[in-house]
Amino acid sequence: MHRKFDHQAIEQKWQKRWEDSGIYATPPSDTNQEKEYVLLEFPYPSGNLHIGHWFGFAVPDIYVRMRRMQGKRVFFPIGFDAFGLPAENAAIKHNLNPKEWTDANIAHMTDQLRSMGNAFSWDALCRTSDPEYYRWTQWMFTQFFEKGLAYQGVGVVNWCPSCNTVLANEQVVNAACERCGAVVLKKEMLEWKLRITEYADRLIDDLEELDWPEAIKESQRRWIGRSAGAKISFKLSTGETLEVFTTRPDTLFGVTYMVLAPEHPLVEQYKDIITNWADVEAYVAATRQKDEQDRLDDTKEKTGVKLEGVTATNPANGAKVPVYIADYVLAGYGTGAIMAVPAHDERDFAFAKKFELPVISVVYQDGGEIRPTSNMQANPGSGRLKNSGEFDGMNSEEAKKTITEKVGGTLTNTYRLRDWSVGRQRYWGVPIPIVYDPEGKPHAVPQEHLPWLLPTDVDFRPTGEPPLAKSAELKERTEKIFGAGWRPAVETLDTFVDSSWFFLRYLDPHTTETFATLEHQKDWMPIDLYFGGAEHTTMHLLYSRFWQKALFDLGVVTAAEPYTRRINRGLVLGPDGNKMSKSKGNVIDPDEQVKRLGADTVKMYLAFMGPYGEVTNYPWDLGGIAGIRRFLERAYGLTDHIAESEPETTTRLLHKTIDKVFRDINAYKFNTAISALMVFVNHVEKEGVTDDSYAIFLRLLAPFAPHLAEELWEMAGNTTSVHQEAWPQADSALLTEDTVTIGVQINGKHRGEIAIAANASEEEAFAAAKANTKIQERLTGEVRKIIYVPGRILNIIV
RNA sequence: GCCGGGGUGGUGAAAUUGGUAGACACGAGGGACUUAAAAUCCCUUGCCGAGUUACAUUGGCGUGCGGGUUCGAUUCCCGCCCCCGGCACCA
């Protein structure tokens with residue numbers, strides 16, 4: 001019978017008891033239990049937990065709790081990604097300190113997190129803004145600096161005019177700032193970068209080993225964008241050589257012109273040689289003017305200017321070809337210059353048509369020559385060579401190698417990935433632990449001076465000038481330690497740096513000797529399962545893989561890859577099917593729901609919406625959550641149906657439920673696991689259940705409704721925690737039925753059902769079918785064939 | 001344009017990956033209880049039709065569209081259409 005329960009009293013009671021007894025604290029190393037490190041993307045302390053946090057944190061807790069009951073030694077920590085711009089912006093708005101704002105939010109959100117009732121290892125909690133955390137962020141950065149992995153260089157950066165800071169390439173989405181949506185500008189400046197490009201191959205190749213959804217792997221591969229080709233040098237009429245990157249060295253004989261990116265250094269250098277310099281200069285200036293948005297808006301009509309007075313010589317056949325600048329060639333990719341083969345590249349073809357340049361076809365396909373003419377398209381396919389001298393008839397693949405060798409080029413890979421820009425011209429972050437000597441040469445702050453504290457005497461309102469530059473304390477500190485004329489770096493680190501190693505600090509949150517002992521790393525790393533959102537595919541997930549590899553090369557971590565398995569989840573939408581937002585007024589407040597219906601209900605409802613681990617968006621359904629609450633009330637009232645004995649159907653169903661709940665949780669299909677529990681409750685309400693079976697049911701319920709299951713477990717007379725009980729084992733003998741109902745088809749059409757022994761022979765099944773009047777009526781003609789799949793189907797062909 | 005993931009009732013979704021399509025839940029309709037409402041309980045609920053006073057019963061269609069393979073297709077193959085996410089002149 002359905003029965004109300006006081007969820008607030010129950011939840012408070014058990015949350016306190018679990019904490020007092022410390023049953024979820026980080027498990028000690030010295031046991032024979034198998035370890036399992038389950039990680040969540042830690043929250044940014046924005047002020048309030050939203051439904052997305054619940055979806056992301058409370059649902060994986062189901063998996064964690066089952067694994068614990070199965071005897072695994074599970075580590076399930078939580079923390080805060082506490083540095084970042086919102087704190088600064090909020091502080092400016094409310095006229096307080098970013099630290100105060102952040103700390104207050106953390107305190108509040110910690111309470112909210114506790115109300116979830118997750119099996120968190122609270123003892124491992126850490127926050128990236130604590131000096132004891134960021135001293136290690138800084139230490140790692142200095143190690144990278146010493147190895148040349150962190151460097152400062154002048155380049156064109158992405159500048160967000162609204163956030164007043166540099167952004168990494170990954171943080172620019174559709175030419176706009178990933179955080180605030182402002183259109184990103186190009187700006188030339190000195191910036192701090194990490195050489196992630198040096199790890200490009202490993203970041204691609206090591207994906208093979210990972211048990212990740214293919215979609216994420218593919219996105220990372222495409223983001224890194226490795227392409228195999230060759231670097232080939234062309235002699236210029238000026239005497240210098242021009243190096244180009246091409247994926248098609250086999251088409252070298254088809255080169256009819258060259259193109260440099262407008263920003264290419266040679267352009268400026270040839271100022272006095274180029275006879276139409278005014279035109280060239282104007283084009284370069286126009287390109288510089290264009291921001292990212294303009295480039296996207298382009299209709300992709302090709303533009304460019306010929307460099308009059310400069311020609312290039314094709315190393316393959318000595319042909320002299322003109323040289324252009326055009327903005328379809330990007331300064332940041334390859335060598336910033338290309339050899340153009342209009343016959344076999346669509347972009348070159350479009351350009352050649354516009355500027356009336358020759359098109360020479362040098363590749364044809366077997367079984368029919370396809371040659372572009374001025375009215376046709378380029379043919380980018382591979383095939384056999386022609387018009388290529390001694391290489392005629394060779395296939396493209398072989399020719400790529402042979403021709404490259406012949407002209408003294410080198411086969412090489414080129415990547416789309418850019419080095420990771422990590423310096424930020426803002427306040428609330430990790431100060432870059434670098435000081436400059438009087439000559440301006442950068443030096444790492446030595447370990448004994450770490451943490452290199454974030455100064456507090458700072459006006460952090462954004463002016464475009466880094467706030468730390470205004471700190472007298474930082475300046476004095478630097479001079480005091482290093483000497484007169486020394487000055488500190490004034491940028492802070494991108495917060496993606498902080499989150500690139502948080503999972504290591506969880507292992508040893510209080511050690512002052514190191515960021516995490518090797519002993520604990522060996523015990524827990526790599527992370528077995530990482531739950532998170534799809535938006536981090538080419539940001540956090542890529543950065544932290546790189547960071548781990550860089551640490552691995554320093555010999556300070558034990559694993560070359562941080563995350564063995566990854567599950568991406570979808571999004572919870574508002575009841576109207578739109579993304580929740582204050583302006584749409586469709587925001588569901590989890591606190592309100594928890595107060596009204598309980599944490600167990602909210603958690604279970606989120607788990608019931610659909611399969612987890614598929615990036616699908618689920619609208620919040622007010623009626624749906626009421627249904628879950630109803631289910632829990634019925635589970636609560638199940639004691640009314642406890643009897644001395646139970647029918648065999650109940651026992652069998654129980655074992656099927658054990659089996660299904662286990663398999664479904666293991667596959668993150670929490671929705672169908674819950675429906676199996678519902679089926680069991682529906683059945684027991686009619687048929688009754690014994691004490692023993694009821695106790696098993698409570699153990700199955702425990703991961704989904706930890707508070708209620710614990711309460712019922714206690715009400716059933718137990719003094720232990722249900723969460724420390726062993727996970728039930730299904731009796732395989734009870735999983736298979738003796739008799740089954742199977743469908744009967746005639747000519748493939750469903751015509752009825754028969755109940756027969758599970759191991760019935762074809763003859764027996766056919767006999768049973770003939771005994772069925774409905775079937776019999778239809779079996780008029782001669783039976784030509786019988787298809788019988790035991791336990792599944794009987795199909796009679798007449 | 002390219003890459004990835006999808007399209008199943010009024011809704012969220014199931015379907016042991018070729019074997020009774022729609023489990024479970026929501027919503028809706030009807031009934032019981034109640035002075036009444038809420039809550040709860042029971043029944044019905046893919047669509048269209050036949051049939052009966054009411055049951056019982058029964059036919060056809062149905063997993064985005066069009067083909068194909070198969071005894072049998074939501075599942076496999078071919079060709080389209082649409083939706084969501086990512087990338088976007090990357091040589």
Pair [X] and [Y], ring centroids less than 6.0 Å apart:
| X | Y | answer |
| --- | --- | --- |
| A:Y612 | A:F55 | yes |
| A:Y788 | A:F766 | no |
| A:F355 | A:Y324 | yes |

Paired nucleotide for [N] [Watson-Crick or G-U wobble; both distances under 3.5 Å]:
| N | result |
| --- | --- |
| B:C2 | B:G86 |
| B:U57 | B:A50 |
| B:U40 | B:A32 |
| B:U69 | none |

inquiry  = Salt bridge check, A:E633 against A:R629: does any charged N sit closer than 4.0 Å to a carboxylate O?
reply    = yes

Round to a whole Å and report the spacing from [atom1] of [X] to [atom2] of [N].
| X | N | atom1 | atom2 | answer |
| --- | --- | --- | --- | --- |
| A:Y668 | B:A13 | OH | C1' | 21 Å |
| A:Y605 | B:U11 | OH | C1' | 10 Å |
| A:D640 | B:U40 | CG | P | 16 Å |
| A:E633 | B:C41 | CD | P | 9 Å |
| A:K217 | B:G4 | NZ | P | 15 Å |
| A:I625 | B:G12 | CD1 | P | 18 Å |

Measuring only the [atom1] atom in each nucleotide, how far is [N] from [M]? A whole number of Å is fine.
| N | M | atom1 | value |
| --- | --- | --- | --- |
| B:C80 | B:G72 | P | 26 Å |
| B:C48 | B:A37 | P | 31 Å |
| B:U8 | B:A15 | C1' | 11 Å |

request  = Validate the cation-pi geometry between A:R416 and A:W223: distance from NZ or CZ to the six-membered ring centre under 6.0 Å, angle to the ring axis within 45°.
outcome  = yes

ask   = Checking A:K231 against A:F245: charged group under 6.0 Å from the ring centre and within 45 degrees of the axis?
value = no

Heavy atoms under 4.0 Å, any strand shown: does [X] hit a base, just sugar-phosphate, or nothing?
| X | value |
| --- | --- |
| A:V679 | sugar-phosphate |
| A:V744 | nothing |
| A:G334 | nothing |
| A:T741 | base |
| A:F631 | nothing |
| A:R221 | nothing |
| A:Y618 | sugar-phosphate |
| A:D348 | nothing |
| A:G627 | sugar-phosphate |

Establish, with yes or no, whether the OP1 or OP2 oxygen of [N] is under 4.0 angstrom from a side-chain nitrogen or oxygen of [X].
| X | N | result |
| --- | --- | --- |
| A:R630 | B:C26 | yes |
| A:T672 | B:A23 | no |
| A:K669 | B:A15 | yes |
| A:R751 | B:G60 | yes |

ask   = Just how far is it from atom CD1 of A:I793 to atom CD of A:Q745, taken to the nearest 0.5 Å?
value = 4.0 Å

inquiry  = I need the A:W54 CH2 to A:Y605 OH distance, nearest 0.5 Å.
reply    = 14.5 Å

Protein-nucleotides 71-75 of chain B N/O pairs closer than 3.5 Å?
unit_1, atom_1, unit_2, atom_2, d
B:C71, O2', A:N795, ND2, 3.3
B:C71, O2, A:N795, ND2, 2.3

request  = Take the angle between the ring planes of A:H7 and A:F5 and call it parallel below 30°, perpendicular above 60°, tilted in between.
outcome  = perpendicular

